[in-house]
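A quick write-up on the structure given underneath.
Being a predicted model, the structure only gives us computed values, none of them experimental. Residue numbers start from 1 in every chain, and the chains themselves are labelled A, B, ... in the order their sequence lines are given, proteins ahead of strands.
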Amino acid sequence: MTRVPIRFYQVGSFAVGNRLLEDEDRTVQSDPQRTNSIDSGHRACQGCGEALGARYALDAAMRATNGQLAVVNATGCLEVFSTPYPETSWRIAWLHSLFGNAPAVATGVAAALRVKGRDVRVIGQAGDGGTVDIGFGALSGMFERNDDVLFICYDNEGYMNTGVQRSAATPPAARTATTDAVGPEPGNVFGQGKDLPRIAMAHDVGYVATATVADLHDLEAKVERAMSLRGARYLHILVPCPLGWGSASSDTINLARLAAESGIFPVFEAEHGVVTSVTPIRRRVRVEEYLKRQKRYAHLFGTQPRLEVIARLQALADANIARYGLVNDETTNATLED
Amino acid sequence: METPFAITLPVGTSRANHTGSWRVERPVYLHRLPPCNNACPAGENIQGWLYHAEAGEYESAWRTLVEDNPLPAIMGRVCFHPCESACNRVQVDEAVGINAVERFLGDVALEKGWALPGPGPETGRRVLVVGSGPAGLSATYHLRRAGHAVTLVDGAAQLGGMMRYGIPAYRLPRVVLDGEIERILALGVQVRLDHRVEDVAAEREAGAYDAVFMAVGAQIGRRVSVPAGDSARIVDAVNFLHAVADEDPPLLGRRVVVYGGGDTAFDAARTAKRLGASDAVIVYRRNREKMPAHGEEFEQALGEGVTMRWLSTISSFEGERLVVEKMALNEGGFPEPTGEFEELDADALVLALGQDTDLSLVAEHPEISVEGGVVSVADNLMTGLAGVFAGGDATPADRTATVAVGHGKRAARGIDDYLAGRESVTAPKHELADFSKLNTWYYADAPRQRRPELERVRRQGTFDEVILGLTEQNALFEARRCMSCGNCFGCDNCFGVCPDNAVMKIADGEYEFNYDFCKGCGICVAECPCGAIEMVPERI
Ligand SMILES: Cc1ncc(C[n+]2csc(CCOP(=O)(O)OP(=O)(O)O)c2C)c(N)n1
Ligand code: SF4
Ligand code: SF4
Ligand code: SF4
Ligand SMILES: [Mg+2]
């Protein structure tokens, strides 16, 4: 899919809205009438990327489906901070069952609605733990059966709700409660973990995309595209977690941006197993710019920086850049300031 | 308990949970001072008028502009735009072409015949303005807006001061000058031309003026003694340009040498070329780095065939032979004679060595102190004599038209305070919106739009304007390059990025925080492109 870049309007297509833009060129989030699928008063940490990512994605889906939407949520931060008894932050039809079964429940809801003859669309959603680990079997089945569900993973790279344990989406070298920054290979090990977008592509599902909370136009376009299709679809959104990453609460969007701009987190979309478009890097940065702002990588810096580890992480970013072709003629090299 | 199907517990909304209590810092919207505004000698609210211009609302843009400066079409041509040197966009790609957009607005206003805001209710107070250059005209405008009656006097036959008699028409066409002057006169101004004020206090008394603003400029060309033969033709640049403005140019011959390194030297050389000189050489005693003339003037002149003789002084001018001595810069950067001489063929020598002020009108008044050839003034521009104010080139400041316009406004305010018996206070400035306050990620990459220039060949024999205006489309594009430093431009980022929906959008460009739910994460501050939000500690 190609998106036409908006002609120059001061902030072009980077900002949320802009008074100079036509309504159709603004994001859903710029609309005072947006759904606010997840409401104020939720108990997410200050600066939570997951709360933000969920509102971005679900508000876009609400607009794309004209409000005909049901959402199934796995256990995890997003569920826990939004629904402490007797309150709920959800202003949409929302269902929670267990940590490991959200894809299966979503399949069931979609089937039930089809039987009832209702054209209500279904989204299943979970954290990275609920997606790549405990929910993986159910998700793989959902993909294989091509059930009519968009599954969204809000990837904060760990089991954050239970105190920041490692998941199979935790990146190498990151410190978590279960991957201490000690020993010859401090933090999470290299060479393990799962790249779920690629695994989803291997299932040959109709639509797979990645996005971050730093590029709202891109994220919304992907949700809209996904909701225009039927069958199994997968969206993987990077959502920085100030608590688990040890970052400043104000840095959430900036970190998502640096993850993409360094190549650490490739942003692309694929249909039936084939990459159809990538979001090119605009101002390329070295991985240090991204890493040094997070305490989970603090052991790589300081008086005795672990240059060889940083180099391995840079190599991973470079491999992403090469694999997806993330650098183009317009990419500039920059080191974003603090 | 009656509950609907599948609902076993009564539910409430999480809005009952006021997460604002978690906060230790709160975000607040604020206005910071854009560096362009800070650098504008006329005190224009540049970011403010660009905000309207970028929406294509040219009339409100122009109205915002003329709040401070009634001469935008003139400034858009002759100002050396310190705003652009200060512009934050320099650090992204290139400065916003503020001056070009200003000129575009000024030209549209003249074309459409937009009138300046009308005079204020008459106060019955009378003010004498001496000198009708940029300072005098600007003061006249602001005084009329405050409702004071103004009598504007000038020793010359026409209004405009150095804008008419110093700045050549190829930089400032006379229709533009006349157009902007007439618009000020339309506010109701008594004008007296060909009238020299001999003594400021006597004049004030004779006319029963409540206050006086002296903006007499610096119109006397400085001379040096160059040993010269009887036949040598030596003129000073001020008189030369004045005569050209009067359409009575002196005959200088084919080879003209101009002595000096300021903007006036370049004006004189470029004018001489247009009058038919085949050679126009500027002799300057220092080098390019030390030259006070502005870079654009210099580039334009070279493009027109003016040549430079750096590090040279003129020792004599006999017959048609002009002798220059080569100089060398010493360690302190001052030129020192080398004893090496060269000869140049010259028909005429134009001296452009700086200008002095004729202050005979204050000679009888020791209360008005004169230092270094200019009048000393307080912050409100009042001289030592109560009710007598001074500004522009006759006071210690950079001698540019824009500084003069700023002085006119300041003096008008000072006079208004004086007439009301009020102390003059300067409003505190907002904190500067320096580059570190911006998040420039959000600004689209956008190269600057250039102003077209008159072809070189067409410049030779004519006084047609050299730098042409921007088209509407380019002016709009250029205005939209503005990053709106320190002032909200309605990008919706804060409204979009809050994880707690704690920013409310009231209308386009109008937002409010909902402190019941704001947790104080600071994302809105970090992601505001222009630095219009800050975090302040909560009192706990
Ligand atoms: C079967 C089961 N095992 C363990 C748990 C405890 N548990 C609740 S949330 C969670 C981690 C969730 O991690 P993730 O899916 O990445 O979501 P996040 O909290 O990071 O958003 C765990 C281990 C559970 N609820 N159910
Ligand atoms: S970007 Fe705009 S507001 Fe900022 S300094 Fe330049 S002109 Fe002024
Ligand atoms: S983003 Fe929201 S919660 Fe964070 S400081 Fe701004 S208003 Fe408050
Ligand atoms: S983020 Fe955008 S809308 Fe909000 S204050 Fe800044 S400029 Fe205005
Ligand atoms: Mg997680």
Heaviest contributor of heavy-atom pairs below 4.5 Å to chain B, chosen from T252(A), N36(A), D31(A), is N36(A)
For C521(B), does its backbone N or O pair with a side-chain atom of S249(A) as donor and acceptor, under 3.5 Å?
yes
Hey, which residues of residues 49-61 of chain B are touching chain A, say heavy atoms under 4.5 Å apart?
Y51(B), E54(B), A55(B)
With the side chain counted from C-beta on, respond yes when R480(B) and L20(A) share a heavy-atom pair under 4.5 Å apart, and no when they do not.
yes
Stacked cation flag R282(A) on W441(B), 6.0 angstrom / 45 deg:
yes
Heavy-atom side-chain contact between R257(A) and N439(B) under 4.5 Å:
yes
Looking at every heavy atom in both E87(A) and T13(B), which two are closest together, and how far apart are they?
CG-O, 3.8 Å
R34(A) portion near chain B, given a 4.5 angstrom heavy-atom threshold
side chain
Search all heavy atoms of S14(B) against all heavy atoms of S40(A) and return the closest pair with its distance.
OG-O, 2.7 Å
I need the contact set between residues 493-503 of chain B and chain A: heavy-atom distance under 4.5 Å, sorted by residue number.
N493(B), F495(B), G496(B), V497(B), C498(B), P499(B), D500(B), N501(B)
Report yes if some heavy atom in the side chain of N18(A) is under 4.5 Å from a heavy atom in the side chain of F489(B); otherwise report no.
yes
Can you tell me how far CG of N254(A) sits from CD1 of I523(B), rounded to the nearest 0.5 angstrom?
10.5 Å
So, the part of D59(A) with a heavy atom under 4.5 Å from chain B: the answer is neither
With a sphere of 6.0 Å drawn around CD of E534(B), does it hold more than 12 non-hydrogen atoms of other residues, nucleotides or ligands?
yes
Report, as yes or no, whether the 6.0 Å neighbourhood of atom CD1 on I92(A) holds more than 12 heavy atoms from other residues, nucleotides or ligands.
yes
Flag the one option from P242(A), S89(A), A248(A), P84(A) with the top tally of heavy-atom pairs under 4.5 Å to chain B.
S89(A)
Tell me, yes or no, whether the heavy-atom count around H31(B) atom NE2, taken from other residues, nucleotides or ligands under 6.0 Å, exceeds 12.
no
Let's test your reading of the structure: which of E527(B), R23(B), K505(B), M483(B) forms the most heavy-atom pairs below 4.5 Å with chain A?
E527(B)
Could you look at I38(A) and say if it's the side chain, the backbone, both or neither that has a heavy atom under 4.5 Å from chain B?
backbone
List the atom of D508(B), the atom of R19(A), and the distance in Å for their closest heavy-atom pair.
OD2-CA, 4.0 Å
Who wins among C48(A), A51(A), A44(A) for the most heavy-atom pairs under 4.5 Å with chain B?
A44(A)
Salt bridge (charged side-chain N to carboxylate O under 4.0 Å, His left out): pairs with one or both residues in residues 45-54 of chain A, sequence neighbours excluded
none
For chain A, which residues from residues 511-519 of chain B lie under 4.5 Å away (heavy-atom distances)?
F517(B), K519(B)
